[in-house]
There are 2 protein chains.
Amino acid sequence: MGSAEPSKDTSERGVRGHRTQAERSAHTRAALLDATIDCLIELGYARTSVHEICARAGVSKGAQQHHFTTKADLMAAAVEHLTHRIGEEIVDAAGSLPPGPQRVERGVELLWQGFSGTLSAAVMELWVAARTDAELKAAIRPVDRALGKSTLALFTSLTGESPSERTETLFWLTVNLIRGLALDAEIGGDAVRRKQLLEEWKRILVGTEAR
Amino acid sequence: MGSAEPSKDTSERGVRGHRTQAERSAHTRAALLDATIDCLIELGYARTSVHEICARAGVSKGAQQHHFTTKADLMAAAVEHLTHRIGEEIVDAAGSLPPGPQRVERGVELLWQGFSGTLSAAVMELWVAARTDAELKAAIRPVDRALGKSTLALFTSLTGESPSERTETLFWLTVNLIRGLALDAEIGGDAVRRKQLLEEWKRILVGTEAR
DNA sequence: TAGAAAACATTCCAATTGGAAGGTAAGTTC
DNA sequence: GAACTTACCTTCCAATTGGAATGTTTTCTA
């Protein structure tokens, strides 16, 4: 959701030493958003204050307020920034996966990597916070939906499945299972068992799909 | 949802006016814990303050501090109280389920009911908070583990499965899937699709198990 | 190059937070 | 029934919170 961009382009203008305003602005914005995510991962939502965010970003209180009027604003923008980063992460992982016949296994592994990392923990914080925060929820939902759809597209294209309704169902089952497992990981569940569960799920998927 | 009822006793002793100390103590404790859970569900962890909890419980600030020295103490105790209540909820639901040949379907339905209700939302709040709170995490883990095990026992006894390793794996897969779905429900995902996914999972389970 | 505007910095504040201190009443024990 | 223990209440405080007000620097435009 594009917030107001008063000037036109983010393109390479800074060949000379000086920075254009748009560049300065984008830079502080990014610093604030990254710091926000860091705080969410390290401190959790409850302990994340705008003071701390500003300190980590090396940005003054006023600058923060110039870019994001309220804390909810900042968090909403962080969601978007976050899902973009997760999307990139998944795409990167997809590119580095070796090709082979085991499409389904690869797909599951891919989703697991994308939805169980540290970035995912930050998303979890915001989701849970959003449950009781209507403003945040409204900001998160569309972005999350977009991430889901693009991931589904990537998933199907990677596994080479025809985009049938059944494939989609299996995809969402996988995503939800992985989210549950990610939660288990967060609270320090048994990693070995998680691995077993994931392997079993792959087996089930292959068996089910081949029917 | 049992919020604080300042005057009413847990056991039928109050025929006469006087209450024993143990009763008084247990009563305020329960009131505080219930109020804590209410706050977690309604406000979320971030917005839950001990002031608010005390107000809802109809208990003074000092009394709270007498029973639970610190906020983390209170939360830790709330976890236990919470898992007990969820356990009871599941047992109750199990008792009211009609007997029949569809054991697996019943079991899944049962787990869904237990792990997707409002109480589960409170657990989620505490889990996520515990990720960055070592004290809370230490308090939660054993209790959660106990809940998992007792639920597994109930599950196997209800479905009449032999407690094989495979059954256990399928159980944990179900639990984690349901937790993922519960998360989806919290942020306002599509309820119809969740229903579809759960039905598909039942089908898969039946097919897989019959092998 | 003057001045408008955006980006940024400093300072302050009202409100809320978790927790401590100190006092009172009720129950228990001998 | 007196000493003692537990349960409870009122009041207070230092720290932190999110946000507003106001001042300064940098970039853009005419």
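Naming convention: chains lettered A, B, ... in sequence-line order (proteins, then strands); numbering from 1 in each chain. These numbers come from a predicted model, not from an experiment.
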Spacing between A:Leu43 atom CG and D:dT17 atom P, to the nearest angstrom
10 Å

Does the salt bridge (Lys or Arg N to Asp or Glu O under 4.0 Å) test come out yes or no for B:Glu199 and B:Lys202, once each step is laid out?
CA-CA 5 Å; B:Glu199 291 303 321; B:Lys202 286 181 194 170; 3.2 Å; yes

Of the candidate nucleotides C:dG18, C:dA9, D:dT27, which contains the atom at the shortest distance from the side chain of A:Arg24?
D:dT27

Taking only the side-chain heavy atoms of A:His51 (C-beta and beyond), determine which of D:dT17, C:dC8, C:dA7 contains the nearest atom.
D:dT17

Check for me whether A:Lys61 meets the cation-pi criterion with A:Phe68, that is, NZ or CZ under 6.0 Å from the six-membered ring centre and within 45 degrees of the ring axis.
no

With a 4.0 Å limit, can you tell me whether B:Ser60 has a side-chain N or O closer than that to the phosphate oxygens OP1/OP2 of D:dC8?
no

When rounded to whole Å, the NZ to C1' distance for the pair B:Lys61 and D:dC13 reads 11 Å

Of A:Ser49 and A:Gly62, the one whose closest DNA chain D nucleotide lies more 5':
A:Ser49

Below 4.5 Å, heavy atoms only, C-beta onward: do B:Trp127 and A:Val128 meet side chain to side chain?
no

Taking the side chain as every heavy atom from C-beta outward, state whether B:Thr174 and B:Trp112 have any atom pair closer than 4.5 Å.
no

Rounded to the nearest angstrom, tell me the gap between atom CD1 in A:Ile53 and atom P in D:dG19.
11 Å

If you take any heavy atom closer than 4.0 Å to DNA chain C, which residues from residues 63-77 of chain B end up in contact?
B:Gln65, B:Thr70, B:Lys71

Student check: side-chain heavy atoms of B:Trp201 and B:Leu173 closer than 4.5 Å:
yes

Roughly, in whole Å, what's the span from NE2 in A:His27 to C1' in C:dC8?
14 Å

Report yes if at least one side-chain N or O of B:Thr28 is closer than 4.0 Å to OP1 or OP2 of D:dA7; otherwise report no.
no

Salt bridge or not between B:Arg131 and A:Asp184? Use side-chain N to carboxylate O under 4.0 Å.
no

Specify the separation, in whole Å, of atom CZ of A:Arg47 and atom P of C:dG18.
12 Å

